[in-house]
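For reference, the structure discussed in these notes is given below.
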Amino acid sequence: MAQLTHAQYDVLERAIADRRRIAIYRRGTEYVVIPRALRLVGGRELIESTHPTTGDSFDFFIDELESIQVVA
């Protein structure tokens, strides 16, 4: 996934604002996290997130992801 569509950005930004969980797929692995922020780092977009159970921090570059889905 090189970049997100406008609709995908809207969904991601709403998940950040509402603190809703998202499922991120990267290199065949699913991560369910709570996104905290969307930032630009070195010209690449980064999703800062937290694991909902352990509180561990996870950072994902959007250009490395296979897909993103909001978990109901």
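The model shown is predicted, which means the values in this text are computed figures rather than measured ones.
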Using side-chain heavy atoms (C-beta onward) and a distance below 4.5 Å, is [X] in contact with [Y]?
X	Y	result
F60	E45	no
R36	T50	yes
L38	I16	yes
V41	D59	no

(request) Would you mind listing the cluster partners of I34? Hydrophobic ones only (ILVMFWY), side-chain contacts under 4.5 Å, chaining allowed. (result) none
(message) Side-chain heavy atoms under 4.5 Å apart, restricted to Ile/Leu/Val/Met/Phe/Trp/Tyr: what other residues fall into the cluster of L40, or is it alone?
(response) none
Grouping I, L, V, M, F, W and Y whenever their side-chain heavy atoms are under 4.5 Å apart, do [X] and [Y] come out in a common cluster?
X	Y	value
I62	V11	yes
I68	V71	no
F58	L65	yes

For the atom pair [atom1] ([X]) and [atom2] ([Y]), what is the distance rounded to the nearest 0.5 Å?
X	Y	atom1	atom2	value
E30	Q69	CD	CD	8.0 Å
L4	I47	CG	CD1	6.5 Å
S49	I22	OG	CD1	6.5 Å
R26	F61	CZ	CZ	10.0 Å

(message) Restricting to side chain to side chain donor-acceptor pair (under 3.5 Å), what partner residues turn up for R20, sequence neighbours left out?
(response) none
(request) Look at atom CZ of R44 and say whether more than 12 heavy atoms of other residues, nucleotides or ligands are closer to it than 6.0 Å. (result) yes
(request) State plainly whether the residues E66 and R27 are in salt-bridge range, i.e. N to O under 4.0 Å. (result) no
(message) Less than 6.0 angstrom separating the ring centers of Y25 and Y31, yes or no?
(response) no
(message) So does T5 get a backbone contact from the side chain of Q8, meaning a donor-acceptor N/O pair under 3.5 Å?
(response) yes
